[in-house]
Amino acid sequence: MYSPDTHEIISEIISVGCITAVSLLFGRKAASIERPVYYIRGVLLALYGATWAFNIIACMATSTNNGNYISCALSLYNCILVYNIAKIMLYLYFIEKIYITSVPKASRFRTPLYLINLGLLLPYIALIVLMIIFRVALVDETAPFHCTIGYQLPASAATLSYDAFISLLYTGIFIKYAAFPNTAQQTAHQASSLRIMARRSTVATVVSLVTAAVNYCVLIGLDGQERGLLASTICALDITIVVCVVHWVATHPSEMQCTVKAMQRGQNGDKPMKLEIKQHQEVVVLSELAP
């Protein structure tokens, strides 16, 4: 009869803990939305959903990795696809935060910084392709038939460099907005709230950088090959910790106030459409002419 080893038990406990935490945050966030679901709220919910999906798949695959190549491959592609979808949602959230914090006077697609940040996400497609090309998915031929997954050095080093560059870029922008606000930020009615939002967003980007660096440094240190449950557990902890910090940032009163005010300005069609029906009355005056 098969019995899980200590590492598998610990991995399962961590996965269940991550699922519980994300489910709680997801439920609280969804229940708190009373106003229209603006773009930034949709991105945040998509981030929670992708993280929850990754943790669920990781938890299920961990218990069946040994001696099962399909389960081993599922763990690998969960780390390649679902994990990176969650990271893309995270970066889209940071891009939107940068846009709101800058107090723009133009729509998103007429703001150079917004377009540059969006363009910098395009290399992620190439990184995913690299991960698929240089993937490692092996099942030991001897008992206990452990599953080994990972990426070879070209994919892992490129992804680490890219994540570090993007996180440092976002961190620098938020630090600039917090320490050296522009004229629009200084004269805005929510000037103090904008600075608080920028400082808290800086914390989120730094945490994202640290967790991603630890994740890929461990992978590189193990020559691009980790036991499947180890890879899934590290990725689950990575993205779950970041989501918890993002939730902490997003639920601050200053954050919510600035976000609602920015969305209510109706930039790029985020403002709900107001339907106004005017009734035009035509008055006809009849006059009776005497014969």
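Just so you know, residue 1 is the first one in the sequence shown, and it goes up from there.
To the nearest 0.5 Å, atom NE2 of residue H247 and atom CG of residue L25 are 5.0 Å apart. Taken from CG in D163 to OG1 in T211, the straight-line distance is 8.5 Å, to the nearest 0.5 Å. One distance of note links CD1 of I10 with CD of E12; it measures 11.5 Å at 0.5 Å rounding. For the atom pair T202 OG1 and M197 CE, the distance stands at 11.0 Å (nearest 0.5 Å). One distance of note links OG1 of T64 with CG of L229; it measures 11.0 Å at 0.5 Å rounding. Atoms CD1 and CG, on I85 and L47 in that order, are 12.0 Å from each other to the nearest 0.5 Å.
Looking only at side-chain heavy atoms (C-beta outward), T111 and R108 stay at 4.5 Å or farther from each other. In this structure the side chain of R227 never reaches within 4.5 angstrom of the side chain of I149, judged on heavy atoms. Here the side chains of V16 and C59 are in contact, with some heavy-atom distance below 4.5 Å. D238 has its side chain within reach of Y83: a pair of non-hydrogen atoms, C-beta onward, lies under 4.5 Å apart. Between Y39 and L92 the shortest side-chain heavy-atom distance falls below 4.5 Å. Side chains of H146 and N66 form a contact here, defined as non-hydrogen atoms less than 4.5 Å apart. Counting only heavy atoms from C-beta outward, the side chains of L230 and L222 approach each other to under 4.5 Å. Under the 4.5 Å side-chain criterion, counting only non-hydrogen atoms from C-beta, Y170 is not in contact with L209.
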Would you please test K176 and I173 for side-chain contact (heavy atoms from CB on, under 4.5 Å) and show each step?
CA-CA 5 Å; K176 190 268 177 188; I173 293 174; 5.7 Å; no
Does the pair F174 and R199 meet the rule for a side-chain contact (heavy atoms from CB on, under 4.5 Å), with working shown?
CA-CA 7 Å; F174 284 125; R199 287 198 295 266; over 6 Å; no
Decide side-chain contact (heavy atoms from CB on, under 4.5 Å) for T159 and Y216; before the verdict, give the C-alpha distance in whole Å, the side-chain angles of both, and the deciding distance to 0.1 Å.
CA-CA 8 Å; T159 306; Y216 288 106; 3.2 Å; yes
side-chain contact (heavy atoms from CB on, under 4.5 Å) between L169 and N117, intermediate numbers included
CA-CA 9 Å; L169 174 64; N117 285 331; 4.0 Å; yes
Please lay out, stage by stage, how T233 and S11 fare under the test side chain to side chain donor-acceptor pair (under 3.5 Å).
CA-CA 6 Å; T233 302; S11 178; 2.6 Å; yes
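Below 30°, between 30° and 60°, or above 60°: for Y91 and Y124 the angle between ring planes is between 30° and 60°, a tilted geometry. Under the 30°/60° scheme for interplanar angles, the aromatic rings of Y114 and Y99 are found to stand perpendicular.
Smallest separation of non-hydrogen atoms from S201 and K97: OG-NZ, 2.6 Å. Scanning both residues, E8 and S63, for their nearest heavy atoms gives OE2-CA, 3.5 Å. Between V249 and Y93 the shortest heavy-atom distance is CG1-OH, 4.3 Å. Closest approach of V82 to A50, counting heavy atoms only: CG1-O, 3.6 Å. Heavy-atom minimum distance, V243 versus T51: CG2-OG1, 3.3 Å. Taking each heavy atom of A178 and R195 in turn, the nearest pair found is O-CD, 3.9 Å.
Under the 4.5 Å side-chain contact rule for hydrophobic residues, L118 and I40 share a cluster. If you chain together hydrophobic residues whose side chains sit under 4.5 Å apart, I19 and L74 never meet in one group. I88 and L44 fall within the same hydrophobic cluster, defined by Ile, Leu, Val, Met, Phe, Trp and Tyr side-chain heavy atoms under 4.5 Å apart, directly or through other members. The hydrophobic cluster containing L160 also contains I132, counting ILVMFWY residues as joined when their side-chain heavy atoms lie under 4.5 angstrom apart, directly or transitively. In terms of hydrophobic clustering, with Ile, Leu, Val, Met, Phe, Trp and Tyr side chains grouped at heavy-atom distances under 4.5 Å, L113 and I166 are assigned to a common cluster.
Proximity of a side-chain donor or acceptor of N78 to a complementary backbone N or O of F54 within less than 3.5 Å is detected. Counting only distance, with no hydrogens or angles, the side chain of S156 and the backbone of L153 share a donor-acceptor pair below 3.5 Å. Not a single donor-acceptor pair under 3.5 Å links the side chain of S167 to the backbone N or O of A164. Side-chain N or O atoms of N68 include one that pairs as donor or acceptor with a backbone N or O of I70 at under 3.5 Å.
For a disulfide, the SG atoms of both cysteines must be under 2.5 angstrom apart; this fails for C235 and C79.
Using modelled atom types, one finds no donor on one side chain facing an acceptor on the other under 3.5 Å when comparing T62 with S232. A donor-acceptor contact closer than 3.5 angstrom links the side chains of N65 and S75.
Partner of Y151 under the side-chain contact (heavy atoms from CB on, under 4.5 Å) criterion, out of V136, L130, L219: L219 alone.
More than 12 non-hydrogen atoms from other residues, nucleotides or ligands lie less than 6.0 angstrom from CG of D140. Heavy-atom contacts from other residues, nucleotides or ligands closer than 6.0 Å to CG of L122 number more than 12.
Sorted by first and then second residue, the pairs that involve residues 13-23 and meet side-chain hydrogen bond (donor to acceptor under 3.5 Å, both in side chains), not counting sequence neighbours, are S23-W52.
Counting Ile, Leu, Val, Met, Phe, Trp and Tyr side chains that sit under 4.5 Å apart, directly or through other members, V139 shares a hydrophobic cluster with Y69, F145.
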